[in-house]
Each structure stands twice: as C-alpha cells, then as structure tokens.
Amino acid sequence: MEKKGIFDEFLGAKTLFKNKEVLRPNYIPEELPHRRTQINHLASILVAALRGETPSNIFIYGKTGTGKTAVTKYVGDELNKKARELSEEYENKIIKTTLDYINDDNGGRANYLENAFNHLDFEKFFGDELKNNIKIPVHYIYINCQHVDTQYRVLTHIANSFIETWDERLPLTGWPTDEVYNRLRQNIDDAGGVITIILDEIDKLVEKSGDDILYNLTRINSDLHNAKANVIGISNDLKFKEFLDARVKSSLGEEELIFPPYDAEQLQDILYDRSQNALQEKAIESSVIPLCSALAAQEHGDARRALDLLRVAAELADRDNTNRITEKHVRKALSKIEQDTVAEVIRTLPPQSKLVLLSIVINHENDVVKLTTGMVFDVYKELCEKLHMDTLTQRRVTDLISELDMLGIINSRVVSFGRGGRTKLIERSVPVENIKEVLEESDLLKPVIDYKPMISQIVQSTLL
DNA sequence: TGTCCACTGGAAGGGAGGGCTT
DNA sequence: AAGCCCTCCCTTCCAGTGGACA
C-alpha cells in the first residue's frame with residue numbers, strides 16, 4: 001500500500017477559501033470601496049509627478065484600518081502604471097518620427113538613420129531627449145516606520161532602494177549619518193525624476209528619533225539638481241503633530257488628508273467585495289458579514305479587524321470540516337484573535353520584561369489588591385536572585401512596566417497615597433491564567449513560575 | 001500650611017555590539 | 001589594529017509631584 005505523507009490528508013481536504021490572500025491586511029484590491037474621495041484627492045496632488053513637477057508634501061491621518069496604507073499604495077501603483085504608459089506612448093512617438101524621417105530621406109542621412117534604427121540605437125540620436133522625456137521616472141518608496149524607526153535607518157532604506165546589487169548597499173550601521181544623507185542625495189539625483197517618500201506610522205519615528213529626519217527630508221529639494229522629492233507622512237495619532245518643529249509642521253502639512261472611520265454599512269460593502277474573491281460561493285451564512293462589520297464598527301470602524309474576523313472565522317469553519325461559516329465561528333474568531341495577539345506579544349518580550357510580568361502575576365496570585373511599582377520590584381529582585389540573573393535598577397523596571405502598559409498586557413496609572421507616597425498602581429488587563437500559560441512556555445522562567453514571595457511582603461502589601 | 005512619602009520620569013551618559021574607513 | 005559612528009540597553013542623578021497627615 002502506498003504510504004501517505006502527513007500533509008496529503010490536509011492538502012486534499014475541502015476548503016471554504018478560493019484565495020485566502022485576499023483577506024490578508026496587506027492585500028491591495030483592485031477597488032477600494034468608500035475611498036473614492038481620498039483616492040482622487042491624493043491623485044490630484046501626485047499628478048504633478050507625471051508632469052515632472054514636485055508634488056506637495058502630504059500629511060495623512062486616520063485610525064487603524066481606515067485604508068490609509070491601502071489607498072497610498074494603490075495610488076502609488078497607479079502612478080507607476082501611468083508613468084510607464086506615458087513613457088511607452090512617447091517611445092512610440094519617437095519611433096514614428098524616426099520612420100517619417102527615414103521615409104522622407106531627410107538630407108541624405110536616411111541610410112545612417114535606418115542603420116541605427118535597425119540596431120535599436122535610438123540614444124545615439126535622441127540621447128538627451130530620451131534621457132529627459134522618454135522615461136518619466138517616478139519612484140514611490142514606502143517605509144513603515146514601526147520597524148524602520150531611526151534617522152539613520154530611514155536614510156539608508158531610501159538610499160538602498162535605488163541600488164540593485166547587495167554589495168553596493170549601505171550598511172545597517174557604521175557610517176556617519178551625514179555621509180548616508182550625502183549618498184542618498186546622490187542616489188536620488190542619479191536616478192532623476194520625481195521621488196515620493198511615504199513614511200507610514202510616522203509618529204513612531206518622531207517619538208523615537210525626533211523630527212530632524214523630517215526636517216532634512218522636507219528640505220532635500222534644495223540639495224537636488226536632477227530630481228525632485230516629496231514626502232507623505234501617515235499617522236493614526238493626530239496629536240503627534242503638536243510636538244513637531246513649527247517649520248517641519250508647516251512643510252509636511254502642505255496638504256492634509258483625513259480618513260474617517262468606516263461605519264458598519266461601509267464595512268459590509270468591503271467584506272462582500274473581498275469575500276467574493278476570497279471565499280467559495282455560498283460559504284457564508286447571511287448574518288456573518290453583518291456581524292463581522294458590526295463587531296469591527298464598535299472598534300472605531302477598523303476594516304483590518306473586520307477582515308481578520310472573517311478570515312479567522314473561515315479558518316475555524318474549515319477546521320470544523322463544515323461547508324458554511326456561521327455566527328458561532330465569528331464569535332470564536334473574536335476571542336481567538338484577542339488571545340493570539342496577547343500571547344504573541346508576551347512570547348516576544350525580552351527576558352527581563354518577562355520577569356517583571358511574572359512578578360506582577362505572582363503578586364496577583366497572592367491576592368495583592370493594590371499593586372505598586374515597589375512591590376513588583378521587590379518580587380522581581382527575589383526572582384532575579386533565584387535565577388542568578390542580573391537585577392536591573394528600579395528606574396529601569398519602571399520603564400519596563402510602562403512598556404507592558406503600552407502593549408496592553410497590564411493597566412497602570414499614577415496615584416498618590418498621600419503620606420504613603422506617589423507611585424504607579426498596576427492592574428492586569430488580561431486574565432492572569434492567560435498570561436501565565438504563555439510565560440510557562442519559557443524555559444528561563446520554569447524554575448520560578450510558581451514562586452512564593454516572602455510572607456512579610458504580602459502582609460505589608462495587603463495592609464495598604 | 002508645610003512636611004513627607006514613594007515614587008515618577010527627564011536628562012545625560014556609559015558601554016557593549018554591530019559595522020565602517022584608513 | 002585603531003579610530004570612528006550608530007543603536008540599544010542600561011545606570012545614575014535628581015527635580016518634581018499628589019495628597020494624607022500633623
């Protein structure tokens with residue numbers, strides 16, 4: 001009998017998906033429902049690039065999942081497409097002119113021209129014209145500042161996007177920043193044309209590295225001779241602009257685009273649209289899409305969340321071996337997504353942060369009602385001793401606690417207990433069992449996962 | 001009204017680790 | 001190998017703070 005591989009059974013299994021990628025957040029569909037206004041506005045600004053003029057700098061604002069990135073990328077693709085089309089049109093015109101020229105036997109140069117034409121050596125004759133006109137170079141460089149979050153990295157990223165071979169690329173560290181800037185300027189100038197630089201999640205960049213980079217980028221045109229550049233900043237935090245230098249603020253905000261959240265009905269349209277390409281016919285119960293939309297609309301109209309819900313619900317239905325996605329699957333998907341995100345965040349924490357989180361968990365397990373930084377630090381110190389690890393200072397631990405707060409694993413707020421001092425009050429925002437389940441996976445923490453802190457501390461803390 | 005507690009959180013800077021040029 | 005640069009993680013220092021209490 002033929003032996004079956006472990007994947008064969010699943011590979012042959014029936015699936016509700018036609019194309020799962022269509023439901024992924026980074027998929028750019030051919031149509032973006034309810035974003036016509038924004039697309040037109042953006043296109044009306046960027047069309048300048050096709051005329052070889054510098055488009056205005058643009059600031060785009062909208063909550064997560066309102067289509068900012070999708071629209072920007074979509075318009076970018078269209079811009080590139082149009083630039084290619086125009087360039088082809090122009091090339092054809094040149095060929096036609098050449099042919100006419102040859103046919104007219106203009107001034108006895110026909111043979112020479114024909115010869116050149118046969119060898120496709122246009123540049124010999126139309127060199128300058130070709131260089132300047134045939135290709136309307138439009139470069140659209142997209143950078144997500146969540147990962148590329150320092151001045152140096154943004155500059156190298158842009159500079160490297162003009163370089164094709166690996167060995168010519170700028171290194172990830174090592175060069176002085178002004179040297180990288182010079183190289184970037186040179187690369188842009190060599191490439192020529194109009195360069196649009198998109199900085200997605202620009203607030204992350206400014207928060208971490210200040211606005212020097214924006215100042216430099218919005219003023220790069222004065223250093224360019226053969227090219228023009230403009231910047232599109234995308235953010236979901238409108239307030240971040242308040243912290244910018246006034247000069248940066250005014251030049252980045254030459255044009256502003258606001259992306260309002262989708263309402264439940266608009267989300268439904270988006271889901272219907274995508275599901276037609278993503279899922280088999282009749283794979284969805286009629287109430288599924290309205291439910292996904294309603295759930296996502298509750299959370300500031302986040303289309304990404306709506307798509308995730310539908311995708312995960314379909315995956316769960318697939319695993320159930322049913323041929324229909326039901327409301328039950330959507331509800332399951334909702335809790336699965338929430339759990340998965342938290343688990344993933346905890347899993348990727350650095351060891352010291354995990355240790356701080358564990359000491360918070362341990363305090364909660366010991367029924368501490370009002371948990372403060374001091375108590376967390378005390379248990380943390382004990383854990384470090386047990387594990388023979390370096391103990392960080394309380395100052396550093398305060399920062400780690402704030403980071404855990406930002407990640408949404410805990411809630412902390414500063415309160416004053418009068419003479420008892422002023423400190424952070426720490427509460428969990430995720431069930432302790434869920435956190436512990438993930439922490440238990442870590443080999444490092446295994447020896448102390450059920451650690452009991454010294455009694456004195458618990459007595460002291462419950463007195464507060 | 002002033003004092004005092006237990007911190008908070010900003011600023012500055014050290015140093016290890018990555019990489020470059022000379 | 002030496003000298004330089006950038007990033008990341010961390011320490012040290014310290015002014016500032018909300019509110020209970022005397």
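Bear in mind the structure is a predicted one, so any value in this text is a computation, not a measurement. Per chain, numbering begins at 1; letters A, B, ... match sequence-line order.
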Does A/Thr423 reach a base, just sugar-phosphate, or nothing at all? Heavy atoms under 4.0 Å. sugar-phosphate
Among A/Arg311, A/Arg304, A/Arg305, find the one that has a salt bridge (Lys or Arg N to Asp or Glu O under 4.0 Å) with A/Asp308. A/Arg311
Output the residues of residues 385-398 of chain A in contact with DNA chain B, where contact means a heavy atom of the residue under 4.0 Å from an atom of the strand; sort by number or write none. A/Gln394, A/Arg395, A/Thr398
Specify the separation, in whole Å, of atom CG of A/Asp399 and atom C1' of C/dC9. 11 Å
Would you call A/Asn221 and A/Asn230 a side-chain contact if the rule is heavy atoms closer than 4.5 Å? no
Closest-nucleotide ordering on DNA chain B, the 5'-leading residue of A/Trp175 and A/Arg422: A/Arg422
For A/Gln151 and A/Asn216, which I'm curious about, is there any donor-acceptor pair between the side chains at under 3.5 Å? yes
A/Asp200 vs A/Gln146, side-chain hydrogen bond (donor to acceptor under 3.5 Å, both in side chains): CA-CA, chis, key distance, verdict: CA-CA 8 Å; A/Asp200 203 349; A/Gln146 186 162 30; over 6 Å; no
Using the side-chain hydrogen bond (donor to acceptor under 3.5 Å, both in side chains) rule, take A/Tyr451 and A/Glu382 through it: C-alpha gap first, then chi angles, then the decisive distance, then the call. CA-CA 9 Å; A/Tyr451 180 74; A/Glu382 290 179 33; 2.6 Å; yes
Among A/Ile232, A/Leu46, A/Leu42, whose side-chain contact (heavy atoms from CB on, under 4.5 Å) with A/Pro55 holds? A/Leu46
Taking the side chain as C-beta and beyond, is there a heavy-atom pair between A/Val194 and A/His139 under 4.5 Å? no
Side chains of A/Pro29 and A/Asp273, heavy atoms from C-beta outward: is any pair under 4.5 Å? no
With nearest nucleotides of DNA chain B determined for A/Gly421 and A/Lys424 from heavy-atom distances, which residue corresponds to the more 5′ nucleotide? A/Gly421
Using a heavy-atom cut-off of 4.0 Å to chain A, what are the terminal contacting nucleotides of DNA chain B, in 5' to 3' order? B/dT3 to B/dT21
Can you tell me the distance, in whole Å, between the CD atom of A/Glu179 and the P atom of C/dG3? 21 Å
Can a side chain N or O of A/Thr177 be found less than 4.0 Å away from OP1 or OP2 on C/dC6? yes
Please report, rounded to the nearest Å, how far the P atom of C/dC6 is from the CG atom of A/Asp212. 12 Å
Output the rounded distance in Å from CG (A/Asp178) to P (C/dC4). 15 Å
Interatomic distance, A/Phe417 CZ vs C/dG18 C1' [rounded to whole Å]: 12 Å
Rounded to whole Å, CG of A/Asn182 lies from P of C/dC5 at a distance of 15 Å
Would you say that A/Ile426 contacts A/Thr372 through its side chain, given a criterion of any heavy-atom pair below 4.5 Å between the two side chains? no
